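What follows is a single structure, written as structure tokens, with notes after it.
Numbering of residues begins at 1 and proceeds along the displayed sequence. Owing to the predicted nature of the structure, the values given are computational and were not obtained by experimental measurement. As the structure lists them, so they are numbered: ligands from 1, and atoms in each ligand from 1.
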Amino acid sequence: MTDGTTSTTYPPSEEFAAQANITTADFDAAAADRVGFWADRSRELLDWEVPFTETLDWSNPPFARWFADGKLNVAANCLDRHVTAGLGDRVAIHFEGEPGDTRTLTYSQLTTEVKKAANALASLGVTQGDRVAIYMPMIPETVIAMLACARLGAPHSVVFGGFSSDALRSRIQDAEARVVITADGGFRRGKPSSLKPAVDTALSAGDTPVEHVVVVKRTGEDVDWTEGRDTWWSDLVDSQSEEHQPQAFEAENPLFILYTSGTTGKPKGILHTSGGYLTQAAFSMRATFDLKPETDVFWCTADVGWVTGHSYIVYGPLASGATQVIYEGTPDTPDQGRWWQVVEKYGVTILYTAPTAIRTCMKWGDDIPAQYDLSSLRLLGSVGEPINPEAWTWYRRVIGGDTCPVVDTWWQTETGAHMIAPMPGVLGTKPGSSQRPIPGISVKVVDDEGRELGPDEPGLLVIDEPWPSMLRGVYGDPERFKETYWSRFDGVYFAGDGARYDQDGDIWFLGRVDDVMNVSGHRLSTTEIESSLVAHDAVAEAAVVGAADETSGQAVYAFVILRAGAQQSEDMEQTLRAHVGADIGAIAKPKRVFIVDELPKTRSGKIVRRLLKDLAEDKGIGDASTLADQSVMEVIHRQVTGS
Ligand code: WTA
């Protein structure tokens, strides 16, 4: 990345600034009364069935309660109220399947579908508080299923369709889900890609509480069937009544659980609740994206299996009454112009994607987007990892026609919605920096002792005031919640990211400071992959690092010591890569697995991953003075470089 001290900024055009939703007055209001600011936003952006009288209860930190005596139905806020307001004919979803099939759902139609699906789930016995696992491709039924759960007050746990059957099983077990909603498969790179077989495998040992599997027909491929357990979505949903009265639930009713990687092997079930989450998801649509629901066409390219899809495909856009595009497939199917064709076809005005995708498109060349009319775009967003200034300026120039503000949004599964991002009508945007907290959010960059740092001093990011969409806990593990996020510094949330201020007071992110890697914007834990490797018969010890990678931000490199008697062969690398892919999912497959005789360890036996990272980044042997045996690195270096 760059040192950021000499960055150019790109002020918004006068025209953009004049029409922007957020002005300095919003910052002033939030600074004068932060909690009151959120109360106003929540009343303004949501329909409360029972109005709240208390905004924030922080009497038992770190367990926050927002709007706790208010009641609302999240799905009704995303659907029914727009229909009641006369917006039923507005398009909610333009669905573009990878093979080119399309579907349009207006707010009226989507509301009807969700009511039917809610009746269907209720007929399976799903009621408030029951967990429902969702393992789906990117199709409208995924959104419908999530909203049907929300309507019933039943938290969903969406598991990314790229995760393996093992990963799915452990998430189903942890959440104790009784129902799984899945599909026969989806389309990926021009071919059907199956999902139902992974569900069958996950449930085959009979050690989950799952009673029902509801299957959407998407690809038409043959699937195995367990009578009594499996039901086709169409058989179950199509005949249901189109009437369903939404019940109002307490603001703190759990809305969803979403598993994410942490520093230990076991993924954490991040728990989000209703009123605060929806308030900030909706506010950030209006603030960061400057959304004008009457005229904008929003497109977030994330998968619904990640938090970005939860907040910026499902809850944020729909609570705002926006029109959005949902695309099922990859950016290069059938060709590398596919995304730009989608932008042109639907007249997308706001595009939200990840740096890794931007860098990939950059590599494919400017002439590909140049073949499409991208003039509808008026704002571009980035999320998932630090965006390097080169990719940022390319995005603005080639995709944004040199006029669109680029908003780099920093947030996490845990934060639920945007936390740090430039307000596009207020600040000049700066390539590579997420800049400032959004109105109503308070963060600091601090040193190891928790003291706020000055410009250009690298430190740690903390969030020092509670926020509406903050996680309410780690599902079933309050101790882990306190330990992970609230024990590093007293009373403030430790995010796990390194950061620094520049001379203008803007924030630059420096990557994770813990054992979490970020590959193509996906969070992976070094420990989780190490555990997977040592679970293989041939492996005695493993160390995993995330090393800098031009396209994916970081890439996974594994260093493995084989058990005595295990065959060292060229195939072994492929075998172990495939093993991790099958165990966790394809995104976790190491880019390289190096078979070595030793690992660099301190006298107390701790693996010094930093040295392995240097090797993987071709930086040679770093400072090995803390090692018990300094010659070990020479040996590993020879084995890795083959010299
Ligand atoms: C990283 C994704 C720099 C960060 C929404 C964070 C970023 C982790 C940015 C959360 C950004 C996300 N600049 N780093 N704009 N956005 N990150 O939970 O390390 O999948 O802690 O949430 O991604 O990843 P998660």
What verdict does the side-chain hydrogen bond (donor to acceptor under 3.5 Å, both in side chains) test give for K482 and S487, after you've listed the backbone C-alpha separation in whole Å, the side-chain angles of each residue and the deciding distance to 0.1 Å? CA-CA 6 Å; K482 289 193 214 163; S487 66; over 6 Å; no
Pair W508, D502 - check side-chain hydrogen bond (donor to acceptor under 3.5 Å, both in side chains), show working. CA-CA 7 Å; W508 291 70; D502 68 13; 3.0 Å; yes
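A cation-pi arrangement is absent between R472 and F63 under the rule of less than 6.0 angstrom and at most 45 degrees off the ring axis.
Checked against side chain to side chain contact (heavy atoms under 4.5 Å, CB included), S164 has the following partners two or more places apart in sequence or in another chain: D166, A167. Y475 pairs by the ring pair (Phe, Tyr, Trp, His ring centres under 6.0 Å) definition with nothing, not counting sequence neighbours.
In this structure, ligand 1 sits under 4.0 Å from heavy atoms belonging to V307, T308, V383, G384, E385, P386, D408, T409, W410, W411, Q412, T413, S434, D497, F509, R512, N518, R523.
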Side chains of residues 313-320: which donor-acceptor partners sit under 3.5 Å, not counting sequence neighbours?
unit_1, atom_1, unit_2, atom_2, d
Y315, OH, H156, NE2, 2.7
S320, OG, G316, O, 2.7

